[in-house]
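Start at 1 and go down the list; that is how both ligands and their atoms are numbered.
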Amino acid sequence: FMAAKSHEGYEVYTPSFDDHSPRRLTLMSELRQAIEREQLHLYYQPKISLKSGQLYGAEALVRWHHPRHGFISPDEFIPMAERTRVIKHLTLWALKKTFRQCADWHNQGLSLIVSVNLSTRDLHDPELPDIIAGIAASTGINPGWMMLEITESSIMTDPERSLDIIQRLHEMGYQLSIDDFGTGYSSLAYLKKMPLTELKIDKSFVSDVLQSENDAVIVKATINLAHNLGLKVTAEGVESKQIFDLLNSYDCDIAQGYFFSKPISIDAFNLWMQNHAAANRQNPDPS
Ligand code: C2E
Ligand code: MG
Ligand code: MG
Ligand code: MG
């Protein structure tokens with residue numbers, strides 16, 4: 001990996017899909033087609049309340065099974081889509097899908113908070129709030145059921161412009177989350193100004209929290225910082241019971257990670273919810 005500075009901030013170039021390579025251009029036009037042809041899928045990963053052990057919500061994560069290249073990780077194609085207008089199509093598609101899924105769950109009496117990831121460009125698009133309002137109206141969701149995840153680095157790319165969009169989304173009733181916290185450089189002054197609901201601690205800190213004294217200190221301090229700013233804290237990358245228990249002792253609010261489930265298809269997620277609810281009825285005390 002190599003970082004390069006552009007007018008938009010730092011970008012990461014992957015050697016396998018170089019920015020100007022024909023392969024990358026082909027891949028991006030294929031991505032547009034994949035969106036239109038419904039070849040992308042959203043998987044869902046559960047988020048669990050640490051105190052109660054109850055299901056809190058789910059994060060939607062995109063999956064692309066390419067006919068020739070096989071599985072391509074979103075970490076690879078999202079940054080590419082970000083540098084082209086393809087991201088706008090992908091975000092629109094993801095918002096429509098997740099809002100509809102959220103409406104479905106709520107119609108079934110399942111009051112999940114559904115998280116969806118936004119990209120840097122989305123946060124700078126003055127049309128985004130109206131687009132979101134349109135999708136909310138057509139799917140019948142209550143904005144308070146949705147959590148919009150924005151990364152720390154995308155906010156800091158252009159904080160003033162992002163703040164404006166974030167403010168509008170907040171006034172519309174959406175919950176807002178700052179994702180990948182700890183991996184970028186955020187100014188606490190801006191963080192304080194943003195009407196956020198949730199802070200997500202990046203999995204790079206969480207996964208080593210048992211081995212690394214430094215990471216434990218960072219995780220603990222971040223939880224306190226977030227609580228002092230009035231934010232709920234989600235830890236991502238929770239891979240074991242020991243990490244779960246440690247986070248609980250740190251007063252973390254929500255856990256997400258392979259310990260509960262990887263991101264899975266909607267059918268698998270519905271089944272997972274049934275099993276989780278049954279297990280909770282048998283053993284209501286999570287610890
Ligand atoms: P993210 O939003 O920070 O999502 C969390 C990532 O951590 C996901 O990777 C998830 O599968 C992974 N993860 C969760 N728990 C664990 C764990 O216990 N262990 C490990 N090793 N990993 C865990 P994924 O699905 O590959 O997505 C990578 C990134 O791609 C996301 O990071 C997000 O930034 C981006 N992305 C994914 N879907 C979308 C989308 O629909 N729109 C946009 N704009 N970005 C997306
Ligand atoms: Mg996320
Ligand atoms: Mg994250
Ligand atoms: Mg991430």
Using side-chain contact (heavy atoms from CB on, under 4.5 Å), reason through Lys47 and Ile113 one step at a time and then give a plain yes or no. CA-CA 9 Å; Lys47 291 172 69 173; Ile113 302 295; 6.0 Å; no

Within-cut-off N or O pair, Thr91 and ligand 1, under 3.5 Å: no

The reported gap from CE in Met194 to NE2 in His170 (rounded to nearest 0.5 angstrom) is 12.5 Å

Which ligand 1 atoms does Gln45 reach within 4.0 Å, using its non-hydrogen atoms? 14 (C), 15 (N)

Tell me which N, O or S atom of Asp179 sits nearest to the Mg ion (ligand 2). OD2

For Glu239, the ligand 1 atoms whose distance to one of its heavy atoms is below 4.0 Å: 17 (C), 18 (O), 19 (N), 20 (C), 21 (N)

Under 2.8 Å from the Mg ion (ligand 2), can any N, O or S atom of Asn117 be found? yes

Any N or O on Asp122 sitting closer than 3.5 Å to an N or O of ligand 1? no

May I ask which of Val62, Thr120, Ile78 has a heavy atom nearer to atom 35 (C) of ligand 1 than the others do? Ile78

Given Pro263, Ser204, Pro74, identify the one with the heavy atom nearest to atom 11 (O) of ligand 1. Pro263

Quick check: are there more than 12 heavy atoms from other residues, nucleotides or ligands sitting under 6.0 Å from CZ of Arg63? yes

Contacting atoms of ligand 1, where contact means under 4.0 angstrom from a heavy atom of Glu236: 3 (O), 5 (C)

Output the list of atoms in ligand 1 that are nearer than 4.0 Å to some heavy atom of Asp180, sorted by atom number. 3 (O)

Geometry only, no angles: is Asn117 polar-contacting ligand 1 at N/O separations under 3.5 Å? yes

Check the angle between the aromatic planes of Tyr44 and Trp105 and answer parallel, tilted or perpendicular using the 30° and 60° thresholds. perpendicular

Where does the angle between the aromatic ring planes of Phe260 and Phe244 fall among parallel (under 30°), tilted (30 to 60°) and perpendicular (over 60°)? perpendicular

Give a yes-or-no answer on whether the side chains of Tyr258 and Gln45 include a donor-acceptor pair shorter than 3.5 Å. no

Pairwise side-chain contact, Tyr56 with Lys232, heavy-atom cut-off 4.5 Å (strictly under): yes

Tell me, do Leu61 and Asn117 make a side-chain contact under 4.5 Å, heavy atoms counted? yes

Taking 4.0 angstrom as the limit and counting only heavy atoms of Gly257, give me the atoms of ligand 1 inside it, by number and element. 15 (N), 18 (O)

Under 4.0 Å to a heavy atom of Lys203 - the qualifying atoms of ligand 1, by number: 6 (C), 7 (O), 20 (C), 22 (N), 23 (C)

May I ask you to check whether Asp180 brings an N, O or S atom to under 2.8 Å from the Mg ion (ligand 2)? no

Determine whether a donor-acceptor pair (N or O, by modelled atom type, separation under 3.5 Å) exists between the side chain of Ser177 and the backbone of Leu148. no

Ring-plane angle category for His65 and Phe71, please: parallel below 30°, perpendicular beyond 60°, tilted otherwise. tilted

Cut-off 3.5 Å, side chains only: do Asp202 and Thr183 have a donor facing an acceptor? no

Take the Mg ion (ligand 2) as the vertex and measure to OE2 of Glu59 and OE1 of Glu149; round to 10°. 90°

Contact between ligand 1 and Lys200 is defined here as a heavy atom of the residue under 4.0 Å from a ligand atom; is it met? no

Looking at Asp75, Ile150, Asp179, the heavy atom closest to atom 28 (C) of ligand 1 belongs to Asp75

Does the side chain of Glu59 pick up a donor-acceptor pair with the side chain of Ser115 at under 3.5 Å? no

Check whether any heavy atom of Glu59 sits under 4.0 Å from an atom of ligand 1. yes

So that I can check it, does any N, O or S atom in Glu236 come closer than 2.8 Å to the Mg ion (ligand 2)? no

